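Here the structure comes first, spelled out in structure tokens, and everything after it is commentary.
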Amino acid sequence: LTAKHIGDTLPAVKNTPADRRIKLLIGPTGVGKTTTLAKLAARYSIMKKRNVGLITADNFRIAAAEQLGTYAKIMGLRMEKASTRETFEKAVKSFSDMDVILVDTPGRARPDDGYLNSLEGMMPGCDVETNLLINATGGQEYLESLVAAYSRFRISNLIVTKIDESSRFGMLYDIIAKTGKPVTYLTCGQNVPQDIEEATPAAMASLMLGR
């Protein structure tokens with residue numbers, strides 16, 4: 001199989017004119033949501049010159065809010081905390097002048113119904129872009145169970161993290177095929193904002209073929 005053939009079968013990002021302002025990052029604990037969000041914030045605010053607001057809904061790990069707060073200070077961005085749908089909608093309202101609102105959410109190693117219900121209950125009724133983060137070092141069975149659990153959130157895109165910690169990426173093909181959603185970014189380390197790149201079907205195909 002050639003990289004081109006594989007790339008042609010992978011979903012590509014659809015650039016819609018109505019690019020959704022609110023971009024939600026969901027996924028299990030330890031997948032790198034907070035650092036990925038900081039990298040995206042830097043890309044949007046510094047490289048794309050967009051006005052960016054940050055919301056942290058992760059009230060389970062105090063360190064996550066503090067870490068994001070530190071990144072926000074460094075980049076000169078405003079950050080709000082939200083723990084309920086009301087406070088979430090209030091935060092979104094306070095960012096009415098922002099082009100992009102990036103939202104960090106709490107994770108669970110193995111998402112159960114209680115956690116998923118509470119996350120769903122907090123989400124605003126408005127149209128959001130939901131980005132599911134999956135870890136390149138995860139086994140196929142684990143990643144499939146994650147995708148199944150989070151599929152109730154109408155996933156828009158996938159972001160693959162920790163590609164620097166793995167050498168086998170073939171199993172990602174089945175995961176992407178199952179969701180039918182494009183991979184928009186790959187991350188490969190802790191450095192903000194460097195360790196992130198936009199993904200294309202061609203880049204994903206090369207990665208899967210071990211190039």
Side-chain angles (χ1 to χ4, degrees), residues 1-28 30-33 35-50 52 99-100 102-103 105 107 127-211:
L1 278 175
T2 65
K4 184 181 182 330
H5 177 80
I6 294 171
D8 287 346
T9 64
L10 292 171
V13 180
K14 291 180 183 68
N15 283 333
T16 51
D19 195 16
R20 283 168 289 188
R21 290 175 64 227
I22 305 173
K23 300 177 189 299
L24 209 63
L25 270 60
I26 60 173
V31 76
K33 288 189 296 296
T35 42
T36 301
L37 188 133
K39 292 169 189 175
L40 289 174
R43 282 182 85 86
Y44 279 111
S45 64
I46 299 162
M47 292 162 66
K48 298 185 178 183
K49 303 280 184 274
R50 312 278 279 280
V52 178
D99 304 315
V100 178
L102 296 168
V103 185
T105 62
D127 195 19
V128 296
E129 177 189 295
T130 307
N131 299 277
L132 175 63
L133 276 69
I134 57 172
N135 182 340
T137 60
Q140 178 140 2
E141 218 173 283
Y142 173 62
L143 293 179
E144 281 179 3
S145 70
L146 271 185
V147 165
Y150 282 105
S151 60
R152 62 158 84 179
F153 291 101
R154 290 208 303 272
I155 298 160
S156 313
N157 306 307
L158 298 172
I159 294 175
V160 181
T161 64
K162 307 193 179 186
I163 61 165
D164 54 319
E165 293 176 27
S166 181
S167 54
R168 290 167 60 224
F169 303 100
M171 50 58 182
L172 288 173
Y173 185 85
D174 289 339
I175 304 298
I176 296 164
K178 266 206 169 67
T179 60
K181 300 300 175 190
V183 175
T184 48
Y185 291 98
L186 300 170
T187 77
C188 57
Q190 294 292 312
N191 297 315
V192 176
Q194 301 91 324
D195 296 342
I196 188 169
E197 61 181 78
E198 285 185 26
T200 60
M204 290 307 298
S206 294
L207 192 65
M208 288 168 192
L209 290 170
R211 294 179 186 164

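For reference, positions follow the sequence shown, starting with 1. Hydrogens, waters and symmetry mates are skipped; everything else that's a heavy atom, side chains included, is used. None of the values given here were measured: they were computed from a predicted structure.
- Of all heavy-atom pairs between Pro28 and Leu146, the closest is CG-CD1, 3.6 Å.
- Atom NZ in Lys162 sits 8.5 Å away from atom OG1 in Thr187 (nearest 0.5 Å).
- Atom OH in Tyr142 sits 11.5 Å away from atom CD1 in Ile175 (nearest 0.5 Å).
- Every residue two or more places apart in sequence or in another chain that forms a side chain to side chain contact (heavy atoms under 4.5 Å, CB included) with Asp195 is listed here: Lys39, Cys188, Asn191.
- Considering all non-hydrogen atoms of both residues, Ile155 and Val147 come closest at CD1-O, 4.4 Å.
- Val128 places none of its side-chain heavy atoms less than 4.5 Å from the side chain of Arg20.
- Proximity of a side-chain donor or acceptor of Thr161 to a complementary backbone N or O of Val31 within less than 3.5 Å is detected.
- In summary, the side chains of Tyr150 and Thr130 do not present any donor paired with an acceptor at a separation below 3.5 Å, with no hydrogens or angles considered.
- With Ile176 as reference, Leu10 is the one residue of Val160, Ile134, Leu10 to meet the side-chain contact (heavy atoms from CB on, under 4.5 Å) rule.
- In this structure, Glu165 has no salt bridge (charged side-chain N to carboxylate O under 4.0 Å, His left out) partners at least two apart in sequence or on a different chain.
- For Arg154, there are no salt bridge (charged side-chain N to carboxylate O under 4.0 Å, His left out) partners, not counting sequence neighbours.
- Here the shortest heavy-atom pairing between Leu158 and Thr179 reads CD1-OG1, 3.6 Å.
- The CG atom of Asn135 sits 11.5 Å away from the CD1 atom of Ile163 when rounded to the nearest 0.5 Å.
- Atom CG of Asn131 is separated from atom OG1 of Thr36 by 10.0 Å, given to the nearest 0.5 angstrom.
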In sequence, state the C-alpha distance, the side-chain angles, and the governing distance for Met204 and Ile6, and then conclude on side-chain contact (heavy atoms from CB on, under 4.5 Å).
CA-CA 9 Å; Met204 290 307 298; Ile6 294 171; over 6 Å; no
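- Ser156 and Lys181 get closest at one heavy-atom pair: O-CD, 3.6 Å.
- When all heavy atoms are compared, the tightest approach of Pro11 to Pro182 is O-CB, 3.5 Å.
- With hydrogens and angles disregarded, a donor-acceptor distance shorter than 3.5 Å links the side chain of Lys49 to the backbone of Ile46.
- Minimum interatomic distance between Thr137 and Ser166 (heavy atoms only, all atoms of both residues): CG2-CB, 4.0 Å.
- Annotation: the span from Met208 atom CE to Met171 atom CE amounts to 9.0 Å, rounded to 0.5 Å.
- In this structure, the separation between CD1 on Ile159 and CG on Leu25 is 5.0 Å, given to the nearest 0.5 Å.
- The shortest side-chain heavy-atom distance between Asn157 and Tyr185 does not fall under the 4.5 Å cut-off.
- Counting only distance, with no hydrogens or angles, the side chain of Lys33 and the backbone of Gly27 share a donor-acceptor pair below 3.5 Å.
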